[in-house]
There are 2 protein chains.
Amino acid sequence: MPRSDQIDDKQNKLGKARRFQGASLRDVAKLAGVSVKTVSNVVNNYPHVTEETRMRVQRALEELNYRPNLSARNLRNGKSGLIALAVPEIDFPYFSELARLVIKVAGERGYTVLIDQTGGARDREKLVLAGIRPQMVDGIIFSPIETGKEDLLERRDDTPLVLLGEGATDGILDHVGIDNVKAARVAVRHLLDLGRRRIAAIGAQPGVVVQTGHLRLRGYYEALQEAGIGIDQDLIARAPVYHRHEGAEAMRKLLELKDPPDAVFCFNDLLALGAIRTLINFGLRVPEDVAVVGFDDIEEASYSNPTLTSISPNKEQIARIAMSMLISRMEEGTTTPPREEQVDFRLIARESTLGVRCQEQVVYDSLQEDKARNNSALMEG
Amino acid sequence: MPRSDQIDDKQNKLGKARRFQGASLRDVAKLAGVSVKTVSNVVNNYPHVTEETRMRVQRALEELNYRPNLSARNLRNGKSGLIALAVPEIDFPYFSELARLVIKVAGERGYTVLIDQTGGARDREKLVLAGIRPQMVDGIIFSPIETGKEDLLERRDDTPLVLLGEGATDGILDHVGIDNVKAARVAVRHLLDLGRRRIAAIGAQPGVVVQTGHLRLRGYYEALQEAGIGIDQDLIARAPVYHRHEGAEAMRKLLELKDPPDAVFCFNDLLALGAIRTLINFGLRVPEDVAVVGFDDIEEASYSNPTLTSISPNKEQIARIAMSMLISRMEEGTTTPPREEQVDFRLIARESTLGVRCQEQVVYDSLQEDKARNNSALMEG
DNA sequence: CTGAAAGCGCTTACAG
DNA sequence: CTGAAAGCGCTTACAG
């Protein structure tokens, strides 16, 4: 039996030097004195291999520290086992929390996740749709910001793709999200229930209509209308990016109004945390002077000071459903019309609306559809 | 010239049905009436192609919507253009901020990043060292938690790997980090300078010695010793995981001491934010009653209430150096001894030590080595 | 400037 | 139960 150091060095066989790739099936087969097929059988745990042969092959695999070449395997199998998660920026807490779950769920299903950061820029998002990293990934989970309906319709690439978060994709592609309008309505209604009447909104977005910001704004309108309160355009603040800084800026402007708000509904938690920062800088009390509600329920919402009332979408459900949809396209090649799925959400009330030292309360649960159910998870134990 | 729909359907040529892979170079060559080599030349922008031929090929590429098969290209080239970033959990703010930068820098250098989450568990970390996803990635950037020196020495896999964050890797592998001992010393000295004398530490870790926690604790000891203050073991709180919850718990225990601390140095920002949450719940004022310093300078530190004084490592520098080190191993096959690089860090003092409404100040900058330089970035504009 | 052919490492009918 | 051979799609010396 040849020793491992007698295996020809591939560097010599190739014209050009190349990083040594490790042992191949052929090397192992040679060392074990069997055919490549048999080694492959052992590696892939196929039956029909004599125990003795198996042992011999195992030893050879060990000795050569064999590692299958995934590029070759993928080429042969026509798939890579890789999916892309395309998000604006991975360090937005909402996206990093979602990414953790997507990576976890994908791992359970045998997939590896690579991350694409679009920065929420339309041209980078178009690249995602056009098939960035062609045939490197079997599928894509995509959380767009600026992508519009036209962009989706123009798409030529046929890599399976599931959309996340956006509101109206009009059944062009598989999509999983939450009922943004309803969630926003629930959030604003909570403020109304607490007696607030001058309720501001932070996070309206200029331009494109097919967007999260638009839907949440609609929910805001509907809640106020239901309560018979007129819309004051001065109370609606824009935010091109949903980050702390923009929330702080927007709040500052709202405080300059001659009749400033007594509550503010922010279209995500980062905006809300920025807004709170401004309120505190101005010496105002939250929620006594201004109550604040956020959206996303990132972990920080449970620890900020004050803790933040927020709409809490079921993120694990988002990850699971997105992955299931994607797998059914990737593996089963499903060609049914695009599916639209909505996940559960809750409104979790905390100090920023209930007051200091209040217990955390689940004020609304889309799963239960009954209000004021008190989950009584005593805050901080 | 044959039309695209005359290209044989591969499904028929293969025994088993398989997801249609799109057009290959061969298909394009056939359609354009040239050889595969010529198409390859066009695709890869090689010179020596007649303008006319190039046009013809371009048109064929367009018509068939050709996308190179990266598995095949990688197989042929012996590399994948993929690197793995292995971190405990992507949604720890420090790691998501780092990931954003690594993905950005990698992209600039032509690499795609896939994420491995180890959960900080030793067996999962061992898998990373052993070559999880064999030959799928050209290199690995690895931020270990429980990996010890023995694990590094045992490693058989030869995929280029750069370690992040850990303190003492004893030159076994390339490593980039900061001077943890010194940074911790700077942090504690800051508290001493403010007149604090009962300074607690949160984040000591049981077990393994080669760990961040150990080094930061040493810096804490050294600072106290320099100031002639004895060590009180009661003031040293453990934290198995560096998360908000553990910080809150640890702080609670410290407050139960008959002689509670007047300051606390937390080994990362999340611990500090958890600690602050507890302090506020107990009706204590930060920093008047207890001053708090964190470590990492995650973005939340600039917006928390109070804003958080923290050690700020140069994360972009970490990402850039790690990527450079990795590339020199991957592309140049450098076989020089492992390198050890330390990046700059600063101590940025904010409200949690300076008091409410104080300006943010750079109290220490390892690059300048001069104290009390006032950067005067007026907080909140 | 272009073409024919080999080979990267794998899996899989097809024989035996 | 095992082997010989084809082919996934690409790149690259080697000819011409």
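Chain letters run A, B, ... following the sequence lines, proteins first and then strands; every chain starts at 1.
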Nearest whole angstrom, please: distance from the C1' of D:dG9 to the CG of A:Asn74. 13 Å
Atom NZ of A:Lys79 and atom C1' of C:dT11 are separated, to the nearest Å, by 12 Å
B:Thr50 side chain near C:dT2 phosphate (N/O to OP1/OP2, under 4.0 Å): yes
Is B:Arg73 close enough to D:dG9 that one of its side-chain N or O atoms is under 4.0 Å from OP1 or OP2 there? no
Would you say B:Ser324 and B:Arg109 are linked by a side-chain donor-acceptor pair, where the criterion is simply a distance under 3.5 Å? yes
On DNA chain C, does the nearest nucleotide to B:Val34 precede the nearest nucleotide to B:Ala72 from the 5' side, or the other way round? Give the residue. B:Val34
Between A:Tyr66 (OH) and C:dG9 (P), how many Å, whole number? 10 Å
Is A:Thr38 close enough to D:dC1 that one of its side-chain N or O atoms is under 4.0 Å from OP1 or OP2 there? no
Rounded to whole Å, how long is the line connecting atom CZ of A:Arg54 with atom C1' of D:dT2? 13 Å
C:dC10 phosphate, OP1 or OP2: any side-chain N/O from A:Ser71 under 4.0 angstrom? no
Is any side-chain N or O of A:Ser40 closer than 4.0 Å to OP1 or OP2 of C:dC10? no
Nearest whole angstrom, please: distance from the P of D:dC8 to the CG of A:Leu25. 19 Å
How close or far is atom C1' of D:dC8 from atom CZ of B:Arg26, stated in whole angstroms? 10 Å
Can a side chain N or O of B:Ser24 be found less than 4.0 Å away from OP1 or OP2 on D:dG9? no
Cationic N near anionic O, under 4.0 Å, A:Glu63 to A:Arg59: no
Compare the minimum distances between each of D:dT12, D:dT2, D:dG7 and the side chain of B:Arg76, then state the nucleotide with the smallest one. D:dT12
Could you please name the partner base of C:dC1, counting Watson-Crick and G-U wobble pairs only when both distances are under 3.5 Å? D:dG16
What's the closest nucleotide to the side chain of A:Lys37 if the choices are C:dG9, D:dC10, C:dA13? C:dA13
Closest heavy-atom contact between A:Ser24 and A:Tyr66? C-CE1, 3.7 Å
B:Leu75 has an atom CG; how far is it from atom P of D:dG7, in whole Å? 17 Å
Atom pair distance, as rounded to whole Å: CG in B:Asp27 and P in D:dC10: 9 Å
Could you check whether B:Arg122 pairs with B:Glu150 (Lys NZ or Arg NE/NH1/NH2 to Asp/Glu carboxylate O, under 4.0 Å)? yes
Is the shortest distance from a Lys or Arg side-chain nitrogen in B:Lys104 or B:Glu316 to a carboxylate oxygen in the other one below 4.0 Å? yes
